[in-house]
Enquirer: 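Quick one: the structure is below, questions incoming.
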Amino acid sequence: MVLINENYLKLPENYLFTEIEQRINAFNIVHPNTKVVRLGLGDVSLPLPEEVVLAMENAVREMGDIKTFRGYGPETGYQFLIEKIIKHDYNARGISLEQDEVFIGDGSKSDVGNIGHIFGRDNIIGITDPVYPVYENAAIMGGRSGNLTEQNIWSNIVYIPCTRENNFVPELPKEKVDMIYLCYPNNPTGVALNKTELKKWIDYAIENQTIIIYDGAYASYITENDIPHSIYEIKGAKKVAIEIRSYSKTAGFTGLRCSYTIVPKELTGYTLFGEKVGINKLWKRRATTYYNGTSYIVQRGAEATYSPKGKKQLQKNIEYYLTNASIIRNELINLGFEVYGGINAPHIWIKIPNEVPSWKFFHQLLYEANIVGTPGAGFGPSGEGYFRFTGFSSREDTIEAMERMKSWKK
Ligand SMILES: Cc1ncc(COP(=O)(O)O)c(C=O)c1O
């Protein structure tokens, strides 16, 4: 008799965005002629930058020619891409990295979840709340969550509330955590941490032998000066942090899939007997066993994002989404909403007026204004009473949604 991983039974039936899709489908069945404007989901709307397309076209040709065909590539990524990452994303910010500290992946969602494989099951996980739901889901699937309590939180996860009361800046936990997920600029609040705020976490991690999993999926949206683009800009971070970055929101790779994970060699964990073990070699062992490398074509596409032309094209797209975000931000402020984010991130986070619960607000907006956003409660208990919009839709849809908000608010 085959036994299942019963942790999966603890999960809510649907992942947040699957649940939202189902509710939109239900609306569409009853209102087939109504156009819904979507400012909810996290997908991009602009096509791939031209330089990326050209590089991938060339790569496809190479794959179709016996002289240049390539089969399995290096499991951890091609040197040509790793070199560009180190030079442009790290050396340019005063950070040195060795090539075997960089692991190319197929999107950061995979690594955010997979990273748990190399850590002991009894580690206490900390997550800021609200946050990207994969961290909590992964802790549940990996058997690290404990049980769901009456407060609708997991008994073995330490939640670090980020609310308007603390300006969405997480305070250090009173309990000791062994692994903490930090995502900055943050999804969903759109808030970024400055260097002083982030340094507190590095100091905490060094003192408590904690590992930080730093999700920098939105680093390219940072516009303000004092905001670190990489956690390694803070001294000591290489001893305690893994950083995960993605080309999805930076270069429109949501449908292509490419990311990278930095695991510094200075980073260590411990055996039950207190022996220090390098994390880098564990991750390498995992990658070489479970993964056969991101496709050559996609890695050539990712490499093209670092060429001078590629960089300009990416920047133009990021500015487009940030302009959408500022249109949403300004309109909602004009309409009297309490608004956060949207400056160093494509996300806009609002406090829902009159204590309306976030799923109720989702339905009101969908059925009365035909706009889709994301209910804050889907990102964690402290997200209740908040709502997320994103700047990833087209300009037309963004403007249309704000017009609808104006008419709805009247
Ligand atoms: C915070 C955060 N991390 C990771 C991801 C996953 O991105 P991908 O798997 O496309 O790289 C997302 C996607 O929305 C995200 O918001």
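Both counts, for ligands and for their atoms, begin at 1 and track the order of listing. Any value given below was found using the heavy atoms of this structure, including those in side chains, with hydrogens, waters and symmetry copies removed.
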Enquirer: Can you tell me which residue among Tyr135, Tyr184, Tyr132 is in a side chain to side chain donor-acceptor pair (under 3.5 Å) with Asp215?
Expert: Tyr135
Enquirer: Please state which option from Val131, Val112, Asp215, Val44 has its nearest heavy atom closest to atom 2 (C) of ligand 1.
Expert: Asp215
Enquirer: Return a yes/no value for Asn187: is any of its N or O atoms, backbone included, closer than 3.5 angstrom to an N or O of ligand 1?
Expert: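 Between Asn187 and ligand 1 (N or O atoms, distance only) the closest approach is under 3.5 Å.
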Enquirer: Closest non-hydrogen protein atom to atom 9 (O) of ligand 1, residue and atom name please, with distance?
Expert: Arg257 NH2, 2.7 Å
Enquirer: I'd like to check which ligand 1 atoms, numbered from 1 as shown, lie under 4.0 Å from a non-hydrogen atom of Ala217.
Expert: 2 (C), 3 (N)
Enquirer: Does ligand 1 have any atom that is closer than 4.0 Å to a heavy atom of Cys183?
Expert: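 Yes, that is the case, since the closest heavy atom of the residue is under 4.0 Å from the ligand.
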Enquirer: What is the closest protein heavy atom to atom 16 (O) of ligand 1, and at what distance does it sit?
Expert: Tyr218 OH, 2.6 Å
Enquirer: State the atoms of ligand 1, each with its element, that fall below the 4.0 Å cut-off from a heavy-atom position in Gly107.
Expert: 9 (O), 11 (O)
Enquirer: Check ligand 1 against Lys109 and write out every atom of the ligand that is under 4.0 Å from a heavy-atom position of the residue.
Expert: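 Result: 6 (C), 8 (P), 9 (O).
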Enquirer: Which is closest to atom 5 (C) of ligand 1 by heavy-atom distance: Phe253, Tyr260, Tyr132, Tyr247?
Expert: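 That would be Tyr132.
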Enquirer: Taking the six-membered ring for Trp, is the centroid-to-centroid distance between Tyr367 and His31 below 6.0 Å?
Expert: yes
Enquirer: Using side chain to side chain donor-acceptor pair (under 3.5 Å) as the criterion, point out the one residue from Thr288, Thr294, Thr289 that pairs with Tyr291.
Expert: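 Going through Thr288, Thr294, Thr289 one by one, the side chain to side chain donor-acceptor pair (under 3.5 Å) with Tyr291 is satisfied by Thr294 alone.
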Enquirer: Give the minimum heavy-atom separation between Leu39 and Ala401, together with the two atoms involved.
Expert: CD1-CB, 3.5 Å
Enquirer: Verify side-chain hydrogen bond (donor to acceptor under 3.5 Å, both in side chains) between Tyr306 and Asp89, making sure each step is shown before the conclusion.
Expert: CA-CA 9 Å; Tyr306 297 102; Asp89 292 346; 2.7 Å; yes
Enquirer: Ignoring angles and geometry beyond distance, decide whether Ser108 reaches within less than 3.5 Å of ligand 1 through its nitrogen or oxygen atoms.
Expert: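 Yes, since at least one N or O of Ser108 sits under 3.5 Å from an N or O of ligand 1.
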Enquirer: Name the option, out of Ser248, Ser246, Gly42, Cys258, that contains the heavy atom nearest to atom 10 (O) of ligand 1.
Expert: Ser248
Enquirer: If you count the atoms of ligand 1 from 1 in the order shown, which ones are under 4.0 Å from a heavy atom of Lys249?
Expert: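 Selected atoms, number and element: 13 (C), 14 (O).
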Enquirer: Which atom names give the shortest non-hydrogen contact between Gly301 and Phe253, and what distance separates them?
Expert: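 For Gly301 versus Phe253, the nearest heavy atoms are C-CZ, 3.7 Å.
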Enquirer: Do Glu101 and Tyr90 pass the side-chain hydrogen bond (donor to acceptor under 3.5 Å, both in side chains) test, and can you show the C-alpha distance, the side-chain angles, and the key distance before you say yes or no?
Expert: CA-CA 12 Å; Glu101 295 181 304; Tyr90 292 96; over 6 Å; no
Enquirer: Which heavy-atom pair separates Asp178 from Asp122 by the least distance, and what is that distance?
Expert: OD2-O, 4.2 Å
